[in-house]
Engineer: 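Have a look at the structure that comes next, please.
Every heavy atom of this structure was used, including side-chain atoms; hydrogens, water molecules and symmetry mates were not.
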Amino acid sequence: MTEFQTSRTIVGSTGISPRIAKDATPVQRARSIKGTMTKTMTESLPTLPKVRTGIEGLDEITGGGLPAGRPTLVAGNAGSGKTMLAVEFLVRGATQFGEPGVFMMFEESAAELAANVRSLGFDLEELAAQKKIALDYVHIERNEIEETGEYDLEGLFIRLGHAIDSIGAKRVVLDTLEALFAGLSNHGILRSELRRLFRWMKDRGLTAIITGEKGEGNAVTRYGLEEYVADCVIVLDQRIQDQLSTRRLRVLKYRGTAHGMNEYPFLIGAHGFSVLPITSLLLDHQVSTQRIPTGVARLDEMLGGLGYFRGSSVLVSGSPGTGKTSLAAKFIETACQRGERALFFAYEESSAQIVRNMLSVGIDLERWIKKGLLQIHSSRPTLQGHEQHLVTMHDAVRAFRPTVVAVDPVTNLFLAHNDAEVKPTLMRLIDFLKKEQITALFVGLTTSGDATSAPDDSQLGVSSLMDTWLLLRNVEFNGERNRTIFVHKSRGMAHSNQVREFVLGDQGIDLVDVYLGGDRVLTGSARVTQEAQERAAATLRGQDHERKLRQLASKRKAIEAQIAALQAEAEAETEEVHFAIAQETLQVTATHLDAAAMSQQRRVTTGTNGEAKENP
């Protein structure tokens with residue numbers, strides 16, 4: 001089975017088609033390719049042996065590195081970074097993977113090369129002294145060469161072989177072989193010898209990089225080196241857009257294995273050559289259930305009483321003047337108060353200006369800068385390309401190791417660039433911070449900020465990437481402007497659906513309840529007036545209640561007096577009745593006594609003559 005057939009079998013076994021819809025977005029294409037790469041690499045079937053380059057991002061794009069024991073062509077125009085990639089390939093191999101390497105150059109001397117890459121932290125002279133790298137400069141000058149008859153490159157073979165044997169090299173760089181075409185006129189012999197050279201390196205199992213200048217039109221190189229290096233071809237490109245320079249890398253060809261086929265931005269920074277990371281597209285970062293406060297107590301209450309999730313991404317968006325930077329600064333200050341480190345990337349104001357302005361709302365950032373817990377990086381978005389901004393952020397995060405990061409405003413940082421390129425770049429930043437478990441707060445500028453319009457996303461459309469989205473708005477009513485805030489979304493937690501007034505004062509930030517007047521939200525003086533009216537109405541209601549209570553008490557007393565009078569009258573009448581009854585009883589008793597007495601007196605007495613006599 002050929003290598004190409006093996007690759008097709010592996011991809012087919014994952015059930016993933018390498019075809020991508022033409023209308024797919026750059027992010028969808030990247031995810032599709034990365035998913036194919038990941039599942040392909042995890043298959044148990046044998047894959048093409050590869051050698052890791054040690055270059056950040058490149059090993060992920062190539063699915064593990066460059067083809068082992070085979071040549072790889074790196075082509076690009078002047079200044080695209082061909083030599084830097086080749087140098088780092090050798091240095092990383094020698095220092096990280098124990099594979100010595102030979103760097104054969106045809107355009108600059110060993111001393112010049114060592115001086116050029118010293119700024120990247122690579123000490124080639126030290127590595128050469130340790131027998132980890134061999135540097136060999138082959139000087140070819142056309143006016144110093146006279147060609148007669150048949151010839152070959154056997155001398156170059158011997159020279160290269162000696163350098164390889166002297167250090168036991170496993171890696172080789174030829175930079176750039178096209179200098180041979182400029183120095184030698186018989187290209188027929190030269191092409192034949194190059195084929196023999198590449199075959200010779202393959203037979204010795206050397207993993208090689210050959211650099212070449214970009215050709216005209218569709219040609220990869222000027223002299224067709226791609227015809228001989230058929231295993232792996234990497235194309236570098238440097239372009240100017242909106243007066244900013246950007247670099248791109250694309251794996252044009254990689255025989256025998258799946259690989260990323262898109263263009264990927266790369267940079268040459270203080271730590272060498274780096275392709276912007278794409279591993280985050282797997283979405284395999286860890287998540288935390290820990291919550292951290294926002295710095296505003298009532299905002300924490302709106303977020304379930306505990307604040308943001310640690311390691312989450314927060315978008316605070318709103319129109320100018322709504323208090324976005326103040327909210328970000330308060331979040332930063334609160335983190336520093338907990339003893340955590342914080343980074344603040346500002347793209348509209350200088351660090352001194354931010355420190356001064358935040359003092360007006362009771363936020364003192366200077367003290368945390370002096371204590372070493374806060375760093376503020378300020379620059380104009382147009383200072384460099386967005387890839388360079390991203391790498392600057394990466395380097396700052398890795399060096400300072402913060403737990404929270406604020407970017408203000410993220411919309412201005414990428415506003416001048418093509419949205420199709422910006423969103424994947426911003427996605428890499430967000431995923432990088434998530435992978436590092438860093439809580440990130442992004443400030444975004446919206447085009448509309450009134451309370452009657454629908455929620456507005458930022459110009460970049462990044463709200464879908466965020467875990468929490470806070471929306472700040474201006475409310476204009478009754479001749480004044482006030483601020484409101486509400487939680488538009490917050491994944492994984494219960495959160496308030498209420499609008500709060502966002503108040504900035506000398507003592508800091510506070511949230512207060514708003515009032516609904518008809519179909520409008522009352523804030524500011526309208527809210528204060530409404531509060532005063534409600535307090536006055538409450539006072540009047542209280543006074544009215546007291547008056548009614550007093551009236552009720554008076555009435556109760558009158559009724560009680562009436563009841564007492566009636567009771568007294570009833571008692572008097574009762575006494576009269578009892579007296580009459582007693583009088584009548586006495587009269588009846590007296591009558592009975594009189595009757596008895598009379599009866600006694602009238603009793604018939606019998607006389608002596610036998611006649612009855614009545615007592616007188």
Side-chain angles (χ1 to χ4, degrees), residues 293-307 323 327 330 361-362 450-452 470-487 490 493-590:
T294 66
V296 183
R298 295 206 63 183
L299 181 56
D300 290 338
E301 294 176 3
M302 296 179 68
L303 295 170
L306 298 173
L327 196 61
K330 187 62 179 177
V361 291
D450 57 85
T452 59
L470 305 180
L471 194 57
L472 301 175
R473 283 176 166 174
N474 288 318
V475 177
E476 297 181 7
F477 179 66
N478 200 25
E480 65 179 18
R481 177 180 62 86
N482 296 286
R483 305 176 181 89
T484 61
I485 184 173
F486 68 93
V487 182
S490 191
M493 69 178 73
H495 56 274
S496 173
N497 64 348
Q498 300 296 310
V499 177
R500 297 286 186 273
E501 184 174 356
F502 185 71
V503 180
L504 297 177
D506 296 339
Q507 303 303 317
I509 301 174
D510 192 17
L511 303 184
V512 296
D513 293 332
V514 298
Y515 285 81
L516 295 178
D519 60 346
R520 296 190 65 87
V521 175
L522 301 182
T523 59
S525 62
R527 173 182 54 79
V528 173
T529 301
Q530 181 69 20
E531 289 176 344
Q533 291 176 352
E534 291 193 359
R535 286 194 299 268
T539 302
L540 290 175
R541 286 194 301 270
Q543 293 175 352
D544 184 57
H545 292 163
E546 292 178 358
R547 181 181 60 82
K548 289 180 178 179
L549 289 174
R550 288 194 300 269
Q551 291 177 349
L552 181 60
S554 298
K555 190 173 183 180
R556 182 182 293 111
K557 290 180 180 180
I559 294 173
E560 289 175 352
Q562 291 177 359
I563 293 174
L566 290 174
Q567 287 178 344
E569 183 180 355
E571 290 175 358
E573 290 180 358
T574 302
E575 290 177 0
E576 288 293 331
V577 171
H578 288 169
F579 178 75
I581 293 173
Q583 190 176 17
E584 290 178 1
T585 303
L586 290 174
Q587 289 177 355
V588 171
T589 303

Engineer: Work out which heavy atom in T294 is nearest to a heavy atom in G307; give both atom names and the distance.
Structural biologist: CG2-CA, 4.2 Å
Engineer: When you compare the side chain of L299 with that of I509, does any pair of heavy atoms fall below 4.5 Å?
Structural biologist: no
Engineer: Give the C-alpha distance, both sets of side-chain angles, the deciding distance and a yes or no for side chain to side chain contact (heavy atoms under 4.5 Å, CB included) between R500 and V512.
Structural biologist: CA-CA 6 Å; R500 297 286 186 273; V512 296; over 6 Å; no
Engineer: In sequence, state the C-alpha distance, the side-chain angles, and the governing distance for V361 and D506, and then conclude on side chain to side chain contact (heavy atoms under 4.5 Å, CB included).
Structural biologist: CA-CA 5 Å; V361 291; D506 296 339; over 6 Å; no
Engineer: Can you measure from OG1 (T574) to CD (E569) and round to the nearest 0.5 angstrom?
Structural biologist: 10.0 Å
Engineer: What pairs of donor and acceptor atoms, side-chain ones from residues 542-549 against any protein atom, are under 3.5 angstrom apart with sequence neighbours left out?
Structural biologist:
from: D544; atom 1: OD1; to: R547; atom 2: NH2; distance (Å): 2.5
from: D544; atom 1: OD2; to: K548; atom 2: NZ; distance (Å): 3.3
from: H545; atom 1: ND1; to: R541; atom 2: O; distance (Å): 3.2

Engineer: Would you name the heavy atoms of L504 and G323 that are closest together and state the gap between them?
Structural biologist: CD1-CA, 4.2 Å
Engineer: Rounded to the nearest 0.5 Å, how far apart are CD1 of I485 and CG of L471?
Structural biologist: 8.5 Å
Engineer: Where do T585 and I581 come nearest, in terms of heavy atoms and distance?
Structural biologist: OG1-O, 2.6 Å
Engineer: Mind listing the closest non-hydrogen atom pair of L303 and M493 along with its distance?
Structural biologist: O-SD, 3.6 Å
Engineer: Got a second to check how far N482's CG is from E501's CD, nearest 0.5 Å?
Structural biologist: 5.0 Å
Engineer: Quick check for you: to the nearest 0.5 Å, what is the distance between H578 atom NE2 and E571 atom CD?
Structural biologist: 11.0 Å
Engineer: Does atom CD of Q587 have more than 12 heavy-atom neighbours from other groups under 6.0 Å away?
Structural biologist: yes
Engineer: Testing the basics here: between F486 and M302, what is the closest heavy-atom pair and its distance to 0.1 Å?
Structural biologist: CA-CE, 4.1 Å
Engineer: When rounded to the nearest 0.5 angstrom, what distance separates CD in Q562 from CD in E560?
Structural biologist: 11.0 Å
Engineer: Can you check whether L511's main-chain N or O pairs, donor with acceptor, with R298's side chain at less than 3.5 Å?
Structural biologist: yes
